[in-house]
Protein chains: 2
Amino acid sequence: MQGGQDAAAIFVERWNEAASFSQTGNCPVRNVLDKIGDKWSMLIVMYLAAGPKRFNQLHREIPDISQKMLTQTLRDLQRDGLVARQVFDTKPPSVEYRLTALGHSLIVPFGQLIAWANESIDSIHAARKSFDQAALA
Amino acid sequence: MQGGQDAAAIFVERWNEAASFSQTGNCPVRNVLDKIGDKWSMLIVMYLAAGPKRFNQLHREIPDISQKMLTQTLRDLQRDGLVARQVFDTKPPSVEYRLTALGHSLIVPFGQLIAWANESIDSIHAARKSFDQAALA
DNA sequence: CGGCATCCCATTCGATACTG
DNA sequence: CAGTATCGAATGGGATGCCG
């Protein structure tokens with residue numbers, strides 16, 4: 001619990017610190033959380049965790065993603081230094097994406113969160129069920 | 001890296017599993033990630049990590065949150081069993097919110113993520129800067 | 001193959017006003 | 001004090017079509 005309190009304090013502090021100059025939208029925490037909550041960012045990172053992949057390879061493997069969002073999300077990840085883009089001068093040209101060292105380092109803490117999600121999902125569903133039933137009263 | 005690969009595999013597996021019955025929107029990972037990415041959910045959790053707080057106390061302490069979003073986010077957190085709501089029958093009535101055991105347990109893995117964000121934000125900003133400059137060419 | 005540009009709809013969220 | 005209700009602007013993201 002001690003570590004939790006520290007994390008909470010840091011989180012709140014950083015957030016409020018950002019609120020003072022929020023015009024710039026420069027909150028370090030929000031910057032990262034926006035990617036986490038993004039519909040596709042983390043899914044792509046997790047697919048790339050297994051190794052480098054080509055653009056259309058990702059497009060085929062990831063269910064339901066549109067070409068637009070795949071392109072856009074890859075650009076954002078590249079811009080943040082989480083993903084590296086390499087063009088091969090073949091014909092037709094091929095482009096390979098891979099995680100950078102920074103991208104790989106994100107998998108560790110993010111994996112903790114996924115583990116928590118899988119452990120807690122039953123409790124969450126149970127809580128929702130009882131909450132919704134209580135609301136019917 | 002081994003742990004990272006495992007996490008990635010679990011993540012992708014769970015996601016694809018959900019895609020098959022995606023009509024119901026029942027992906028365990030998305031359920032949690034939506035809360036993480038939510039603009040206010042995690043901020044509220046972090047404020048409550050320090051101890052129970054009343055509604056207006058949260059409203060005053062959290063910068064820029066509207067009454068609507070505070071209410072709505074607290075309801076969602078309560079529904080998922082992360083936050084408990086207790087009404088005191090005083091006059092005027094007061095309502096206290098506190099983290100449940102489940103809510104507290106989220107702070108640990110989420111704290112890891114915040115720590116990563118704070119460690120990596122400089123690298124991210126640097127990557128953005130060089131990316132944007134390269135784009136000007 | 002690997003994109004980019006455009007249109008358009010759904011959801012999110014802030015502002016404001018009202019209630020027990 | 002602790003909400004609820006309604007409106008409207010901004011945003012996210014899918015569908016489609018074109019290009020080097």
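All chains are named by letter (A, B, ...) in the order of the sequence lines, taking the proteins before the strands, and each is independently numbered beginning at 1.
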Please name the pair of heavy atoms, one in Arg14(B) and one in Cys27(B), separated by the smallest distance, quoted to 0.1 Å.
O-SG, 4.1 Å
Arg54(A) vs dC1(C): side-chain N/O to OP1/OP2 distance below 4.0 Å:
no
Output the residues of residues 68-90 of chain B in contact with DNA chain C, where contact means a heavy atom of the residue under 4.0 Å from an atom of the strand; sort by number or write none.
Lys68(B), Met69(B)
Please find the earliest and latest nucleotides of DNA chain D, in the 5' to 3' direction, that have an atom within less than 4.0 Å of any heavy atom of chain A.
dG13(D) to dA15(D)
Can you tell me if Tyr97(A) touches the phosphate of dC1(C), counting only side-chain N or O atoms and a distance under 4.0 Å to OP1 or OP2?
no
Tell me the closest heavy-atom pair linking Ala117(A) and Val32(B), and the distance in Å.
CB-CG2, 3.5 Å
Once you round it to whole Å, what is the distance between C1' of dG2(C) and CD of Glu96(A)?
14 Å
Please confirm whether the backbone N or O of Glu61(A) pairs with a side-chain atom of Tyr47(A), one donor and one acceptor, at under 3.5 Å?
yes
Between dC13(C) (C1') and Asp34(B) (CG): distance, integer Å:
16 Å
Which heavy atom in Ser41(A) sits nearest to a heavy atom in Lys35(A), and how many Å separate them?
CB-O, 3.4 Å
Is there a path of hydrophobic side-chain contacts, each under 4.5 Å between heavy atoms of I, L, V, M, F, W or Y residues, that connects Ile36(B) with Ile10(A)?
yes
Considering all heavy atoms of both residues, which atom of Val45(A) and which atom of Gly103(A) are nearest to each other, and what is their separation?
CG1-O, 4.5 Å
Rounded to whole Å, the CD-P distance (Gln67(A) to dT6(C)) equals 16 Å
Starting at NZ of Lys39(A) and ending at C1' of dT11(C), how long is that distance when rounded to a whole Å?
11 Å
Taking every non-hydrogen atom, the tightest pair across His125(B) and Asn31(A):
CE1-ND2, 4.0 Å
Looking at every non-hydrogen atom in both residues, tell me the closest pair between Leu70(A) and Phe55(A) and how far apart they are.
CD2-O, 3.7 Å
